[in-house]
Amino acid sequence: MVSRGFCTAAAVLAVAVGQCLAFPGMTGSGHSYSTRRNLLQTRPEGCGFEVGATSTQYGACTTLGAGELPDSYNLYYSYDAATRVASVAFEYPNPEGWVAFGVPEQPGVMVGASAVIAKADATAPTGASIDQYFLEGYQSSSVQPPGKLSVNSMEAAVVDGSVRGAFEMELPAGTDASAVPFIYTFGPLSADGSLQMHVVPHGLSDTVDLQSATAPAAGSTAATPAATPVAETPASAPATPPAAEMPAPAPQSDGMAAAAPGPMAGNSLNVATTGASCSVTLGGTQETFSSCTTLSGTPGGYAFMWRLDGRTLRGAIDGEMTDGYIGWGQGTGGRQMVPGNGIIVSTDSAAASGASVGHYALNGYSSSDVTQPSAWNVTNLQAASSGGRLLAAFTLELNPTQAAEMSAFNIIYTKGPIADGVLQPHDPSNGNTATLDLTSGSVSGERSVGNDRRSGSLPTVHGWLAAVGLGLGLPLAAACARTLKQFPNGWFHAHRAIALVAYLCGVAAIGIGLYMRPMVGAAE
């Protein structure tokens, strides 16, 4: 692809599914977030809640996660329309772990969400501590306080084996109080008290109607329910269509993981998951894939999902990008970028969907070397851009060589900028490779390849040739001419032979240096 990162511009942006959650916790492969998009019903009777010495009566309460969580996740809430402040409390029986409630920037999207997380804490008087976190990325270091919500009055406690949390939150500007999206889950703690990943199916999202849950009148008495509250759904309650959600594969490293990239806002691009499946909606048509994963090594995350029908591969790629491109591809000789072929989707203000996509031949490292079409048999290309993300879907008919490598399918993936509609070099550190097992859905060998012009043996060969030819050979040839004159029949032949070898080594070193130069320049 283009110079430095373009070679990877065929990169994967895979629709992240299956392993990582917005909150610490998912592990495994081929699993994803579960979404339930019914509006929660209010039940003002018996919605009392205690945290430590504080007892509060909430306007409504409900039980979440039936059939999806091992135990009941209880949610309590009230809303003051005049101040747009919501009072929220939550609890889950996880006395040695953490429990979370978060509000995403986009419905069902974990990265970019802010979450209030209560965790068991033996050093706290109430047995638990609480804070607000921002889910910026996939690694533990990317999930840190503070979050971006306007939150105060946070309290936490461990009561009867349940971790409880309570807080007040001013609704973000533009949020419809009658349909507030949220995410919730629970997970374990490490020995030092840090958040650890939760089990795959336990990352959930839903929508709550806060307007129907006004705070009780002053002077009302808190009445903590003796039994777990159960959501009552009136027969007349309208069903709410699923909102966009991007599944999020779990990171490979230990620690708390933020959610994988989510779907874009808007009607043309939605991503959702059901059970262990992976699905994406483009242009109003939903597709389900048999495998999906998040690929490491690129800022903002990459996701890839696919299904295989004989030699026909249907794939979708996704990644965070506001003005640039993302790519997924394969080198013709293995994991190198050039020569190769790739799918590249880029932002395009002239396109109705905000993005354009094509398949390219990766013939070199400059923009002019990346041309359409590729040598692949690609059909049914679709693309969209929204909410700072790019997504594309495609159908690839595998050639005989690719079909023979289904269980060890090497790919390259990256993202990079564009200028005046032209693909530009990406950062070498964003050039990545991985090996997919298209049949089983497993992923291995994820690593950054930088750039194949500046990696591997070429720099070493360049250095040795320059050192031997220019640093050692030429001075030695000159020394022969100066010091071996006492050998009239030998000094000239030795001088000429050494000088010739030195010259050839020097020319070769300069040639390799010039060959690597485009990528060095791109890096600078």
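One is the number of the first residue; the rest follow in order along the sequence. Values below: all heavy atoms of this structure, side chains included; hydrogens, waters and symmetry mates excluded. What you see is a predicted model, and the numbers here were worked out from it, not measured in a lab.
Classification of Glu320 and Lys415 as a salt-bridged pair fails, no side-chain N sitting under 4.0 Å from a carboxylate O.
Between Tyr58 and Tyr76, the ring planes are tilted. Angles from 30° to 60° get that label.
Ser349 pairs by the side chain to side chain donor-acceptor pair (under 3.5 Å) definition with nothing, not counting sequence neighbours. Shown here are the side chain to side chain contact (heavy atoms under 4.5 Å, CB included) partners of Asp192, two or more places apart in sequence or in another chain: Ser190, Ser194. Applying the side chain to side chain contact (heavy atoms under 4.5 Å, CB included) test to Glu168 and every residue at least two apart in sequence or in another chain returns Val85, Ser87, Asn152, Ser153. In terms of the side chain to side chain donor-acceptor pair (under 3.5 Å) criterion, residue partners of Gln382 (sequence neighbours excluded) are, by chain and number, Arg314. Scored by the side chain to side chain contact (heavy atoms under 4.5 Å, CB included) test, Asp309 finds no partners at all (sequence neighbours excluded). Applying the side chain to side chain contact (heavy atoms under 4.5 Å, CB included) criterion to Ala156, with sequence neighbours excluded, gives Ala118, Ala128, Ile130.
A donor-acceptor pair under 3.5 Å is absent between the side-chain atoms of Lys148 and the main chain of Phe134, judged by distance alone. Distance alone, capped at 3.5 Å, is enough to place a donor-acceptor pair between the Tyr413 side chain and the Ser296 backbone. Under a 3.5 Å cut-off, the side chain of Trp98 and the backbone N or O of Pro188 do form a donor-acceptor pair. A side-chain donor-acceptor contact under 3.5 Å links Ser78 to the backbone of Gly59.
Closest heavy-atom contact between Pro425 and Pro417: O-CD, 3.4 Å. The nearest pair of heavy atoms linking Ala355 to Leu390 is CB-CD2, 3.7 Å.
No option in Ile411, Asp437, Leu436 other than Leu436 meets the side-chain contact (heavy atoms from CB on, under 4.5 Å) test with Val443.
Rounded to the nearest 0.5 Å, atoms OG1 (Thr435) and CG (Asn410) are 4.0 Å apart.
Ring centroid separation for the pair Tyr73 and Tyr184 comes in under the 6.0 Å cut-off.
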